[in-house]
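Below is one structure, written out as structure tokens, with a few remarks after it.
A note on names: the letters A, B, ... follow the listed sequences, proteins ahead of strands, and every chain is numbered from 1.
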There are 2 protein chains.
Amino acid sequence: MKKGKATIHDIAEKLNITASTVSRALNDNPRISENTKKQVLKMAKQLNYQPNHIASALRSGKSKLIGVLVPTANRNFFSSVVRGIEDIANELDYKVIISQSYEDPEKEIQTVDALLNARVDGIIASIGKNTENFDHFKKILEKGIPLVLFDRITNELEVSQVVIDDYYGAYETTKHLIEQGCRRIAHFTSPKKINIYRERLRGYEDAIRDANIPFDPELIEESDMQLEDGRSSMENIINKGIEFDAVFSSSDYAVMGALQVLREHKISVPNQVKLAGFGNEPFTSFTAPPITTVDQKSIPMGRVTAETFFELLKSEDKKSATHKTVLKPELIIRESSLKTN
Amino acid sequence: MKKGKATIHDIAEKLNITASTVSRALNDNPRISENTKKQVLKMAKQLNYQPNHIASALRSGKSKLIGVLVPTANRNFFSSVVRGIEDIANELDYKVIISQSYEDPEKEIQTVDALLNARVDGIIASIGKNTENFDHFKKILEKGIPLVLFDRITNELEVSQVVIDDYYGAYETTKHLIEQGCRRIAHFTSPKKINIYRERLRGYEDAIRDANIPFDPELIEESDMQLEDGRSSMENIINKGIEFDAVFSSSDYAVMGALQVLREHKISVPNQVKLAGFGNEPFTSFTAPPITTVDQKSIPMGRVTAETFFELLKSEDKKSATHKTVLKPELIIRESSLKTN
DNA sequence: TACTTTTGAGCAATCGATTGCATATTTAAA
DNA sequence: TTTAAATATGCAATCGATTGCTCAAAAGTA
């Protein structure tokens, strides 16, 4: 029984062959006879041999580890994407290392470094919302290490990316609100320069214009989009006496804040004001009334991201293997946005 | 610039010393002179040296990797614990590998094996609710690999564990409902033989008895505790015509289901029936009315679990370093359980 | 029978860092 | 001045698996 770990050398010794032969047999190398392979496999089982991935990683340069970098692990969207990634990675015998940037650019840089140090075979990331310099991501690319971005992306990098069609999601949502009779739709967005909010705003604007409704900048509220921010935004609009009959928020949390404030002001949803959010956070279906929102397809996004990643990993020419996938989000219509006959 | 990666040998060559000296210098070994250390550090920076953790792991037998096994990564409670673990692990230069068992005992076994194969330095796990055989965990212990369990534990294993005081949480919640005037409190629980539901049931029963309220088995509903299950349980009770004035559910999801059904039956919460859940899932504060629940201290639990883990890792004698931490949960009282004057 | 191929395995170097055991150089003590 | 004790490095093996190159034996060809 020894110290517990059997190595290829132990197998080799028992069988009176060399470790190289054992290694080749285990890797099903055609240069080894069937007979030898059979014996090796049998002995491996008998000795309860477990390959040492670390040794193999050192020699082969492949760690079978993927680094996943998300702003925070405990947000439903991100943890669901991680789940999707892990689903696929495990099927292919890869392990997922998870790290968080906490939306802090400094920490994001360190974390990328740490992942690189851990010798991951590649990185999947969603960019923190305060990140404006992308040198740390460029560094990954320069090292020839596969990189795939999802959801929070940037155009400054030539990388594979997986996103949902934020523009479409926002356009459809806004259109839906208009169809329900709304003409003065407030929009909550973020001043942050990240793709998702920008695209959603664009979708909102276009839908408004296409319906020949004048765009009123007074109806746009910028904030950090947390629940509290949504509350303030709503209060702002109400206090300024701005006329509005709907709120379309780029974040479910912010729209939740709006709902609370409306309740407090005894403004009825959806009778007087209709609401829609974005993200399909679990809670949106549990509120009273349930909130209309846009599903971001988080688990599929994780799976597609992982698939994109492994394609890239296999490809010879990283450059030309770069491509962008756009998933269609789904408008989930619930009571908060429905016309009350 | 070479191929990009500088090794200790490159540093050694430039400085006309040996790799051993460089290695010692980088590890701040007292046997190396301050002067040499300074030079090595300087050259390391100059060559942009990044230590190869894989090589170090192979030689030292320490991978600086922790395996974290959870039923599913995208449940708020688990992802928050993972976040807490990651917080601490990162401070100590450890990386976290995450894997999921999907509540499937078979998959759980495979996953443990995979983590062991990845040569993690230790494992932190929460047991799947269908797991009844613990041999795979015993195997971890037999190999002398540190193991810490959190939340979903078992008494069949002599390991360090971190849990909340489920009994206390349930007792306090039930007591609170009684204080609000309830006498016929239904309890939703699971038939699964796992510690958390058993303890919560015990807390419920004791609180009832201590208040001299007769225990009525008709008020106990067993299910898998998902939202749909909560709905059925509530329907059951209503349809059977069982008298009740409160529901205390061991799961927030199930109590959410109950709330929906009560709404549909036009039974007013908290006027006619009071509600309390367990878990403090984010949505519970967003419902109408907001739901009273028990906070499980997920992020602290993650941090404490990680701390327990690292203590164990450092300790010489794994056996005696085994200990159990019990965190106090917090009853979060919200409108759903409050007496309406 | 003599010569070329094919097949199956072994040898030894390698991946990069670590570490027990020398060894050389100083410094301190006798 | 001689010897003992520190101090600073070097040497070489090691962790376990992989792989280019070499070589012997068996099979095929002329």
Side-chain angles (χ1 to χ4, degrees), chain A residues 2-41 43-44 47-65 93 116-121 143 145, chain B residues 2-41 43-44 47-65 93 116-121 143 145:
Chain A
K2 291 245 192 119
K3 283 242 303 297
K5 314 271 177 227
T7 72
I8 52 171
H9 292 97
D10 298 327
I11 298 177
E13 200 175 337
K14 294 267 185 193
L15 259 31
N16 260 317
I17 53 179
T18 58
S20 352
T21 304
V22 174
S23 172
R24 291 195 173 99
L26 291 171
N27 290 311
D28 206 26
N29 185 310
R31 300 167 64 78
I32 302 295
S33 71
E34 285 310 315
N35 184 37
T36 307
K37 280 182 191 169
K38 222 167 279 176
Q39 280 189 283
V40 168
L41 253 24
M43 184 56 73
L47 296 180
N48 189 29
Y49 167 77
Q50 302 295 138
N52 185 325
H53 285 178
I54 303 239
S56 147
L58 177 58
R59 178 68 230 251
S60 66
K62 266 109 200 42
S63 64
K64 294 260 196 173
L65 256 26
D93 260 326
L116 254 18
N117 268 179
R119 294 310 204 259
V120 294
D121 286 347
K143 294 198 176 202
I145 292 173
Chain B
K2 291 242 193 118
K3 283 244 300 298
K5 312 272 178 225
T7 72
I8 53 171
H9 292 97
D10 299 326
I11 298 178
E13 202 177 334
K14 294 266 183 195
L15 260 30
N16 259 316
I17 54 179
T18 56
S20 352
T21 304
V22 173
S23 172
R24 291 195 174 100
L26 291 171
N27 289 312
D28 206 27
N29 186 310
R31 300 164 64 78
I32 302 295
S33 70
E34 285 309 316
N35 183 38
T36 306
K37 280 182 191 170
K38 225 167 279 175
Q39 283 189 281
V40 167
L41 253 24
M43 184 57 72
L47 297 179
N48 188 28
Y49 168 76
Q50 301 295 137
N52 185 324
H53 285 177
I54 303 238
S56 149
L58 176 58
R59 177 65 230 249
S60 67
K62 266 111 200 43
S63 64
K64 295 259 194 173
L65 256 27
D93 260 327
L116 255 18
N117 269 176
R119 293 313 202 257
V120 294
D121 286 346
K143 294 199 175 202
I145 291 173

(message) For B:Lys37, is the NZ atom crowded, meaning more than 12 foreign heavy atoms sit under 6.0 Å from it?
(response) yes
(request) Specify the separation, in whole Å, of atom CD of B:Glu34 and atom C1' of D:dT9. (result) 15 Å
(request) Find the distance B:Asn29:CG to C:dC21:P and express it as a whole number of Å. (result) 15 Å
(request) Please report, rounded to the nearest Å, how far the C1' atom of C:dG8 is from the NZ atom of A:Lys37. (result) 11 Å
(message) Using side chain to side chain contact (heavy atoms under 4.5 Å, CB included), reason through A:Leu116 and B:Gln50 one step at a time and then give a plain yes or no.
(response) CA-CA 9 Å; A:Leu116 254 18; B:Gln50 301 295 137; over 6 Å; no
(request) Mind calculating the distance between CG (B:Leu26) and P (C:dT18) to the nearest angstrom? (result) 8 Å
(request) May I have the step-by-step check of side chain to side chain contact (heavy atoms under 4.5 Å, CB included) for B:Lys5 and A:Lys143, ending in yes or no? (result) CA-CA 10 Å; B:Lys5 312 272 178 225; A:Lys143 294 198 176 202; 3.8 Å; yes
(request) Kindly give the heavy-atom pair with the smallest separation between A:Ile54 and B:Leu58, and that separation in Å. (result) CG2-N, 3.6 Å
(message) Strictly under 4.0 angstrom, non-hydrogen atoms only: write out the protein contact profile of nucleotides 9-17 of chain C, one letter per nucleotide from the 5' end, B, S or -.
(response) BBBBBBBBB
(message) My understanding is that only residues two or more places apart in sequence, or in another chain, count here; which of them pass side chain to side chain contact (heavy atoms under 4.5 Å, CB included) with A:Asn27?
(response) A:Ser23
(request) Only one of B:Leu41, B:Thr21, B:Val22 passes side-chain contact (heavy atoms from CB on, under 4.5 Å) with B:Thr36; say which it is. (result) B:Thr21
